[in-house]
Amino acid sequence: MPNQSLPEDLRTWAEIDLGALRHNIDRIRSRLGPGVEILSVVKANAYGHGAMRVASELVAETGIFGVANLREASELGPSAQGRDLMLLSPCLPGERHDAVRRGHIVTVSSASEAEAYSVFGPVRVNFKIDTGMGRVGCSFANAEEEALRLKHVAGVGVHSISTHLPSADEDDGFTFAQLNQFSDLVKVLRGHFPGVKFHALNSAGLLTQGPCDLEIARPGLLLYGISPIEGVQSEFRAVMEWKARVGLVREMPAGASFSYGRTYVSQVPIRTAVISVGYADGFPRQASGNGASVLIRGIRCPLLGRVTMDQIIVDSTGVDGVKEGDVVTLFGRDGNASITVSELAEQSGTIAWDILTGIGRRVERFYKD
Ligand SMILES: *Cc1c(COP(=O)(O)O)cnc(C)c1O
């Protein structure tokens, strides 16, 4: 989308490339092989990309959509085109009735949790086994016994049996051992649960451990074109670019101080640009003072001092002709320069998932194909 066609009163916005989304799911598909069903994770408004648009784009290659909770499932609405929706987090007791009524696949950690759903009607469940995440799931030691108990709960259909990888992007050794352990259990459970599907791989897992013999994979971040591990990023295309505009250009003398706490003082005269984005939009306040920069006219401009609620200040001395209204790239490409979400995340002491899902409501989303 040419920036000129965007309304000039836009202060900050995200450009979302639907072609990149399709490219990424095709790459995932080719890594997994045709037999594996893709559970496209579109929780948290599709990692900030807009769940409805994203789901519509991914539906052809998607067997199941994964959302965090009941409300997110409802918000997907017709965009899911009748695909199954899996609720990845446990429902609250007060949500169970609706989850059953709407026919979602719910994630349970025990037979008794499944029973609490089945009182409202027939329900399909994803039985989660904890192999090291320590969050939801049945303890590994009791998993076979619990699965057999689950099998006999009236009104409960076991759709799938799964686990989650806590360290697939940081610890190959642990993850390999974890998946081996899960695979051994899968062999046993297959005997008890003919036709039931098994799954474990998130984005990092499918990159480092795939392909494997599980029927479903659950990519999230990788759909959005960000690789959680190094070395394969070039295979994927970042789906989102985040932009803002220059609100004010100023000539500042040596010795001027900048932003709350006056943590930066200029050593020489500089030209600053004040940018119309702040932490209320989700620009990480923790990026302050850690070498973060933005792009203006293809030039990197370092952030000066602290991120404020609605504005940031950058050094735009190196940008020929910088002026108010100029488009600023917070992450994405501008000319020959680019900034990745992962780079901004690292400078902010956090992860790409956090940056993307933190992008706020003031940031309008635009779609291009
Ligand atoms: C969010 C989530 C995923 C996707 O994780 P990524 O690292 O973004 O690929 C997969 N499985 C479960 C259970 C999740 O909650």
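Because the structure is predicted, anything quoted here is derived from the model rather than measured. Just follow the structure's listing: the first ligand is 1, and inside any ligand the first atom is 1.
Ring geometry, Trp242 versus Phe331: the interplanar angle exceeds 60°, so the pair is classed perpendicular (tilted spans 30 to 60°).
Cation-pi contact between Arg306 and Tyr260: absent, since separation from the ring centre below 6.0 Å together with deviation from the ring axis within 45° is not met. The cationic group of Arg83 does not satisfy the cation-pi geometry with Phe65, failing either the under 6.0 Å distance to the six-membered ring centre or the 45° limit from the ring axis.
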Pairs under 3.5 Å, N/O atoms on ligand 1 and on the protein: can you put them in a table with the distances?
residue	atom	partner	partner atom	Å
ligand 1	7 (O)	Trp353	NE1	3.3
ligand 1	8 (O)	Tyr47	OH	2.6
ligand 1	8 (O)	Leu221	N	2.8
ligand 1	8 (O)	Trp353	NE1	2.8
ligand 1	9 (O)	Ser203	N	2.9
ligand 1	9 (O)	Ser203	OG	2.5
ligand 1	9 (O)	Gly220	N	2.8
ligand 1	11 (N)	Arg218	NE	2.8
ligand 1	11 (N)	Arg218	NH2	3.4
ligand 1	15 (O)	Lys43	NZ	2.6

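In terms of modelled atom types and a separation under 3.5 Å, the side chain of Asp17 and the main chain of Met240 share no donor-acceptor contact.
Listed by first and then second residue, the side chain to side chain donor-acceptor pair (under 3.5 Å) pairs that reach into residues 199-223 are Asn126-His199, Ser160-His199, His164-Arg218, Arg190-Glu215, His199-Arg218, sequence neighbours excluded.
The closest side-chain donor-acceptor pair between Glu146 and Ser110, if any, does not fall under 3.5 angstrom.
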